[in-house]
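Okay, structure first, notes after.
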Protein chains: 2
Amino acid sequence: MPRGWYGGGPGGWWQRQFRGGGYRITMPRQIILQVLDESKRHLSAEDIYLKVYQIYPTIGLTTVYRTLELLVRMGLVFKFDFGDGRARYELTRGDGNLSHHHHLICTNCGRIIDYDDFIEEELELIKKTRQELEKKYGFEIRNHTLQFYGLCKKCKAIKE
Amino acid sequence: MPRGWYGGGPGGWWQRQFRGGGYRITMPRQIILQVLDESKRHLSAEDIYLKVYQIYPTIGLTTVYRTLELLVRMGLVFKFDFGDGRARYELTRGDGNLSHHHHLICTNCGRIIDYDDFIEEELELIKKTRQELEKKYGFEIRNHTLQFYGLCKKCKAIKE
DNA sequence: ATATTATTGAAAATGATTATCAATAAGGAA
DNA sequence: TTCCTTATTGATAATCATTTTCAATAATAT
Ligand SMILES: [Mn+2]
Ligand SMILES: [Mn+2]
Ligand SMILES: [Zn+2]
Ligand SMILES: [Zn+2]
């Protein structure tokens with residue numbers, strides 16, 4: 001269980017989440033979570049499949065999709081669309097957590113920058129907005145995304 | 001030319017954008033833009049196709065897709081993914097514009113709420129963040145999205 | 001009006017995601 | 001442990017939004 005193995009051990013957070021929801025803790029699910037925890041961000045379902053395959057070669061792509069769907073539903077994983085036709089996934093690690101970040105997306109080459117500069121102020125405003133929106137619309141807000149679109153340094157340079 | 005026909009007339013803003021980019025002003029393009037301007041938001045490509053079809057029955061779905069892609073590239077239209085497997089489109093009308101808004105998305109039933117409450121503060125922060133990010137990462141930011149995900153009033157009620 | 005070439009639309013292809021379904025394995029009970 | 005129930009898996013086939021192809025058409029410049 002290398003690195004910050006996400007709530008590791010049989011009593012860990014996600015294990016409890018699973019048991020509480022009546023979901024079984026299976027090898028594919030454990031390994032998918034492990035891969036998500038150990039990898040860089042923004043993995044596609046296939047990226048994940050390939051990495052899991054190294055560890056557990058009987059894995060099926062279908063199971064990866066199904067597990068990701070479950071993890072998203074449980075709030076453990078965030079699903080993104082960066083506009084390249086395939087969904088991307090990354091561990092949530094909670095909304096107030098250190099690793100929370102937002103995205104800068106180049107609409108020309110697809111480059112993604114994760115940033116967490118100025119994120120404190122953002123999160124503060126978002127917290128406030130969130131409360132007001134919950135009050136006004138009766139929504140129970142669980143997560144958010146903030147993405148900026150534009151041209152990255154390189155693409156800007158190329159276009160004169 | 002009903003309603004706020006978006007920069008109407010042959011000297012309008014988008015016509016100039018088209019000419020400037022070397023793009024031709026064709027019937028399909030005009031009507032697609034008209035439909036986007038006159039309709040509610042969050043239309044799928046097929047929604048748009050169906051509406052254009054009423055006015056211009058020789059339209060092809062392919063053309064709708066291609067035109068939307070162009071309009072997105074030109075910054076006239078925003079493309080969203082609300083997680084239901086099809087892209088949604090709406091006119092941009094500029095970043096600082098009155099109609100600028102953000103989204104509240106129910107992850108259970110798919111309901112979307114457009115809101116522009118508290119948007120002034122949001123936009124102010126976003127403007128600031130944007131400037132800093134442009135400086136730090138050399139990105140030329142053209143647009144942004146802020147979306148909140150959670151359970152709408154109804155879905156929250158159903159789940160006890 | 002003519003030439004050039006961007007644009008269109010029908011049809012076929014693509015490719016990510018989902019549905020099916022028989023086989024398997026988690027977790028609870030005994 | 002062993003047995004039972006049923007959630008889960010993985011191979012396969014199906015779906016379906018979006019793209020590609022390509023010959024025909026129409027928008028602009030001269
Ligand atoms: Mn990220
Ligand atoms: Mn909207
Ligand atoms: Zn780029
Ligand atoms: Zn709902």
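Every chain is numbered from 1, with letters handed out A, B, ... down the list of sequences. If you're wondering where the values come from, they're calculated on a predicted model, not measured in any experiment. For the numbers below, each heavy atom of this structure counts, side chains included, while hydrogens, waters and symmetry mates do not.
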**Message:** Can you list everything that forms a ring pair (Phe, Tyr, Trp, His ring centres under 6.0 Å) with A:Tyr65? Sequence neighbours excluded, please.
**Reply:** none

List the atom pairs, with distances to 0.1 Å, where a side-chain N or O of residues 102-110 of chain B and a protein N or O form a donor-acceptor pair under 3.5 Å, not counting sequence neighbours.
unit_1   : atom_1 : unit_2   : atom_2 : d
B:His102 : ND1    : B:Glu122 : OE1    : 2.4
B:His102 : NE2    : B:His100 : NE2    : 3.2
B:His102 : NE2    : B:His144 : NE2    : 3.0
B:His103 : ND1    : B:Gln147 : OE1    : 3.3
B:His103 : NE2    : B:His42  : NE2    : 3.2
B:His103 : NE2    : B:His101 : NE2    : 3.2
B:His103 : NE2    : B:Asp114 : OD1    : 3.0
B:Thr107 : OG1    : B:Gly150 : O      : 3.3

**Request:** Run the salt-bridge test on A:Glu38 and A:Lys51 with the 4.0 Å N-O cut-off and return the result as yes or no.
**Result:** no

**Request:** Name the nucleic acid region contacted by A:Arg29, choosing base, sugar-phosphate or nothing; use a 4.0 angstrom heavy-atom cut-off, strictly under.
**Result:** sugar-phosphate

**Side chain of A:Thr62 - closest among C:dA19, C:dA11, D:dC22** = C:dA19

**Request:** Kindly give the heavy-atom pair with the smallest separation between A:Ser39 and A:Leu43, and that separation in Å.
**Result:** CB-CD2, 3.7 Å

Is a side-chain N or O of [X] found less than 3.5 angstrom from the main chain of [Y], in a donor-acceptor match?
X        : Y       : value
A:Ser44  : A:Ala87 : no
A:Arg142 : A:Gly75 : no
A:Arg88  : A:Phe82 : no

**Complete:** the helix from C:dA1-D:dT30 to C:dA30-D:dT1: angle between terminal helix axes, five bp per end, to the nearest 10 degrees, reads 50°

Can you tell me the distance, in whole Å, between the [atom1] atom of [X] and the [atom2] atom of [N]?
X       : N      : atom1 : atom2 : value
B:Glu69 : C:dT7  : CD    : C1'   : 13 Å
A:Arg16 : C:dG27 : CZ    : P     : 16 Å
B:Arg88 : D:dA17 : CZ    : C1'   : 12 Å
B:Leu61 : D:dT19 : CG    : C1'   : 11 Å
B:Arg66 : C:dA10 : CZ    : C1'   : 11 Å
B:Ile31 : C:dT7  : CD1   : C1'   : 15 Å

Which pairs, protein N/O on one side and nucleotides 13-16 of chain C N/O on the other, fall under 3.5 Å?
unit_1 : atom_1 : unit_2  : atom_2 : d
C:dA16 : OP1    : A:Arg86 : NH2    : 2.3

**Prompt:** Looking at DNA chain D, which of residues 49-59 of chain B put a heavy atom within less than 4.0 Å of it?
**Reply:** none

**Asked** Are more than 12 heavy atoms from other residues, nucleotides or ligands located less than 6.0 Å from atom CD of A:Glu132?
**Response** yes

**Complete:** Rounded to the nearest 0.5 Å, the CD1 atom of B:Ile32 sits from the OH atom of B:Tyr56 at a distance of 10.0 Å

**Asked** Honestly curious: do A:Tyr137 and B:Leu151 fall in one hydrophobic cluster under the side-chain, below-4.5 Å linking rule?
**Response** no

Report all interatomic pairs (protein N or O, nucleotide N or O of nucleotides 25-28 of chain D) with separations under 3.5 Å.
unit_1 : atom_1 : unit_2  : atom_2 : d
D:dA27 : N3     : B:Arg24 : NH1    : 3.1
D:dT28 : OP1    : B:Ile25 : N      : 2.9

**Message:** Please tell me whether B:Gln30 and B:Gln34 have a donor and an acceptor in their side chains that are separated by less than 3.5 angstrom.
**Reply:** no

